[in-house]
Amino acid sequence: MTPSPAAPLSPAHRLTSYVDALWDAVVSVDEYAAVRQALDAVDAGIPPEQVLLDVIAPVQHRVGEHWAANRMTVAQEHAATAINDRVVAALAHHRPAEESARRGRITVACVDGEWHALPARLLAEVLRLRGWQVDFLGAQVPAPHLIAHLHRTGPQAVALSSSIATRLPTAHAAITACQAVGVPVLVGGAAFGPDGRYARLLGADAWAPDARTAADFLAEGMPATTPPALGHQPVDDLPHLSDQEYSLVARTGPQLVKETLVRLEERFPAMRDYSVQQRQHTAEDLAHITEFLATALYTDDDELFSGFLVWTGSILTTRGVPAHSLYPALDALGEQLKDFPRARRILAHARRALDHGPDSGSSA
């Protein structure tokens with residue numbers, strides 16, 4: 001009996017099959033197999049932009065989901081990300097853009113302190129494929145070096161990426177500095193909020209939720225930027241900063257963490273028997289909480305801190321730590337910040353959000 005030929009896969013199923021194959025390669029830490037899957041997809045007729053955004057990007061998103069669900073260690077997550085980065089590089093050299101620089105020049109960079117460079121790298125490659133000359137500066141670019149590059153190259157725009165909200169004060173400084181030399185700024189990444197609210201708050205010239213939208217927007221032409229007035233300060237955009245709460249919390253963060261640890265030990269004597277590693281993890285968690293509180297004060301946005309706390313609660317729950325363990329930390333911070341009305345408001349809002357978040361039934 002002659003077997004009937006298999007039906008050809010639909011375009012959606014073809015993409016899904018490449019996503020699954022690339023996923024299998026990155027979780028196996030098999031860089032060569034991962035590169036082969038991406039190149040095979042292009043050779044099979046899938047446009048390189050689709051391979052970047054509909055194969056590699058979904059796999060990277062799945063990597064983040066598996067880390068959050070405690071199905072992937074930090075080392076595995078880093079290895080998978082590194083492999084995806086090298087897949088992007090191989091793809092760029094396999095089928096370079098047929099026309100270069102016909103549209104002009106764009107600088108793509110991550111804000112200072114931002115190490116998650118893959119989203120910016122994907123945007124840079126998409127822009128190259130669409131005919132832009134792209135200067136990709138990579139992760140954590142200090143603003144003075146970024147501005148020196150703009151003076152030297154004169155791009156039409158800067159695309160700034162940030163994934164972590166705690167980089168927003170730094171992003172604000174970078175946006176203002178770019179605009180001061182007359183270069184408009186397009187921003188993107190999870191740090192700016194799912195609706196771009198923090199991009200607008202910080203005065204960016206444009207925001208895009210993803211690489212395709214960013215590329216489409218740049219193709220239409222960025223609006224001319226308005227340079228800030230001489231001597232412009234963050235408080236000119238964000239008047240609430242005049243109460244100094246952000247500056248004081250950001251400056252005293254290490255002391256707040258140290259004192260919170262002491263107060264937690266008073267409430268939980270068992271903490272005195274913590275191992276060095278357990279104490280280190282607790283201190284790191286408290287440092288993140290304090291950083292996000294400071295950023296919420298910078299933006300004056302309760303949701304920024306509450307969202308982080310609820311997410312942290314879900315991460316702790318997946319690792320076998322009850323989310324209600326966050327309440328004593330919030331109380332200890334509130335006691336130290338009793339003369340900071342905005343901080344106390346933000347902490348109270350987070351407490352209510354945590355009541356309705358993961359593990360809410362144990363909120364004592």
Legend entry - Carboxylate-amine/guanidinium proximity below 4.0 Å for Arg14 and Asp54: no
Legend entry - Pair listing, side-chain hydrogen bond (donor to acceptor under 3.5 Å, both in side chains) test, anchored in residues 241-258, at least two apart: Asp243-Arg342
Legend entry - His13 atom NE2: more than 12 heavy-atom contacts under 6.0 Å: no
Inset, instruction - Report the distance from atom CH2 of Trp207 to atom CZ of Arg197, rounding to the nearest 0.5 Å. - result: 10.0 Å
Inset, instruction - Evaluate the side-chain hydrogen bond (donor to acceptor under 3.5 Å, both in side chains) criterion for residues Thr226 and Gln179: first the C-alpha distance (whole Å), next the side-chain angles of each, then the deciding distance (0.1 Å), finally the verdict. - result: CA-CA 7 Å; Thr226 303; Gln179 292 170 334; over 6 Å; no
Legend entry - Donor on one side chain, acceptor on other, His61 and Glu65, under 3.5 Å: yes
Inset, instruction - Please say whether more than 12 non-hydrogen atoms of neighbouring residues, nucleotides or ligands are located less than 6.0 Å from NE2 in His116. - result: no
Inset, instruction - State which residues pass ring-ring contact (aromatic ring centres under 6.0 Å, His included) with His66; sequence neighbours excluded, sorted by chain then number. - result: Trp23
Inset, instruction - Answer with yes or no whether the side chains of Thr260 and Gln336 bring together a donor and an acceptor at under 3.5 Å. - result: yes
Inset, instruction - Mind jotting down which residue pairs meet the salt bridge (Lys or Arg N to Asp or Glu O under 4.0 Å) criterion with at least one end in residues 159-179? Sequence neighbours excluded, please. - result: Arg167-Glu291
Legend entry - Partner residues of Glu259 under the salt bridge (Lys or Arg N to Asp or Glu O under 4.0 Å) criterion, sequence neighbours left out: Arg263
Inset, instruction - Work out which heavy atom in Ala120 is nearest to a heavy atom in Val108; give both atom names and the distance. - result: O-CG1, 3.6 Å
Inset, instruction - Indicate yes or no: at least one non-hydrogen side-chain atom of Leu186 is less than 4.5 angstrom from one of Asp205. - result: no
Legend entry - Leu22 and Asn84, any side-chain heavy atoms less than 4.5 Å apart: yes
Inset, instruction - Please round to the nearest 0.5 Å and tell me the distance separating atom CG of Leu261 and atom CG of Asp285. - result: 10.0 Å
Inset, instruction - Given salt bridge (Lys or Arg N to Asp or Glu O under 4.0 Å), test Arg128 with Glu125 step by step and report yes or no. - result: CA-CA 5 Å; Arg128 284 192 180 112; Glu125 296 307 328; 2.7 Å; yes
Inset, instruction - Check the hydrophobic clustering (I, L, V, M, F, W, Y; side-chain heavy atoms under 4.5 Å; chains of links allowed) and say if Val262 and Val249 are grouped together. - result: no
Legend entry - Same apolar cluster: Val74 and Ile164, side chain cutoff 4.5 Å: yes
Inset, instruction - Examine Tyr32 and Val88 and state if one hydrophobic cluster contains both, with Ile, Leu, Val, Met, Phe, Trp and Tyr joined whenever side-chain heavy atoms are less than 4.5 Å apart. - result: no
Inset, instruction - List the steps and the verdict of side chain to side chain contact (heavy atoms under 4.5 Å, CB included) for Leu286 and Leu264. - result: CA-CA 11 Å; Leu286 291 174; Leu264 286 178; 4.1 Å; yes
Inset, instruction - Please check if the side chain of Asp236 supplies one atom and the backbone of Gln233 the other of a donor-acceptor pair under 3.5 Å. - result: yes
Inset, instruction - Check whether any side-chain heavy atom of Val19 lies under 4.5 Å from a side-chain heavy atom of Arg62, and answer yes or no. - result: yes
Inset, instruction - Apply the test side chain to side chain contact (heavy atoms under 4.5 Å, CB included) to residues Phe136 and Leu127: give CA-CA distance (whole Å), side-chain angles for both, the deciding distance (0.1 Å), then the verdict. - result: CA-CA 11 Å; Phe136 175 61; Leu127 293 177; over 6 Å; no
Inset, instruction - Taking Glu114 for its side chain and Val111 for its backbone only, find out whether a donor-acceptor pair lies under 3.5 Å. - result: no
Legend entry - Distance in Å, Cys110 SG paired with Arg121 CZ, rounded so as to fall on 0.5 Å steps: 11.5 Å
Legend entry - Trp67 to Trp311 - nearest heavy-atom pair and separation: CZ3-CZ2, 3.7 Å
Legend entry - Pairwise distance CG(Leu256) to CD1(Ile289) - rounded to 0.5 angstrom: 12.0 Å
Legend entry - Those residues that, when tested against Arg36, pass salt bridge (Lys or Arg N to Asp or Glu O under 4.0 Å) (two or more places apart): none
Inset, instruction - Before accepting this row, confirm whether a basic side-chain N of the pair Arg212/Asp210 lies closer than 4.0 Å to the acidic partner's carboxylate O. - result: no
Legend entry - Closest approach of Ile147 to Cys178 (non-hydrogen atoms, all atoms of both residues): CD1-N, 3.6 Å
Inset, instruction - Check whether any side-chain heavy atom of His349 sits under 4.5 Å from a side-chain heavy atom of Asp301, and report yes or no. - result: no
Inset, instruction - Before giving the answer on side chain to side chain contact (heavy atoms under 4.5 Å, CB included), spell out for Tyr298 and Leu202 the whole-Å C-alpha distance, their side-chain angles and the decisive distance to 0.1 Å. - result: CA-CA 10 Å; Tyr298 192 86; Leu202 304 184; 4.2 Å; yes
Legend entry - Heavy-atom side-chain contact between Ser325 and Leu316 under 4.5 Å: yes
Legend entry - Approximate separation, where rounding is to 0.5 Å, of Leu354 CG and Leu347 CG: 11.5 Å
Inset, instruction - For the residue pair Leu160 and Val141, establish whether any side-chain heavy-atom pair is separated by less than 4.5 Å. - result: no
Legend entry - Separation between NE2 of His145 and CG of Leu150, rounded to the nearest 0.5 Å: 13.0 Å
Legend entry - Val26 versus Ala34, closest heavy-atom pair with distance: CG1-CB, 4.4 Å
Legend entry - salt_bridge(Arg267, Asp331) N-O dist < 4.0 Å: no
Legend entry - side chain to side chain contact (heavy atoms under 4.5 Å, CB included) evaluation trace for Leu293 with Leu337: CA-CA 11 Å; Leu293 176 60; Leu337 299 171; 3.7 Å; yes
Inset, instruction - Measure across Gly334 and Arg344 and return the closest heavy-atom pair with its distance rounded to 0.1 Å. - result: O-NH1, 2.8 Å
Legend entry - Gln133 side chain to Gly104 backbone, donor-acceptor under 3.5 Å: no
Inset, instruction - Determine whether Met222 and Phe217 make a side-chain contact, defined as any pair of heavy atoms from C-beta on separated by less than 4.5 Å. - result: yes
Inset, instruction - Answer yes or no: is there a side-chain heavy-atom contact under 4.5 Å between Ile346 and Leu297? - result: yes
Legend entry - Joint cluster assignment, Trp115 & Leu168, ILVMFWY side-chain distance < 4.5 Å: no
Legend entry - Smallest separation among heavy atoms of Pro48 and Leu129, with atom names: CB-CD1, 3.9 Å
Inset, instruction - Would you tell me whether Thr170 and Asp112 have side-chain atoms, one donor and one acceptor, within less than 3.5 Å of each other? - result: no
Legend entry - side-chain hydrogen bond (donor to acceptor under 3.5 Å, both in side chains) partners for His151, two or more places apart: none
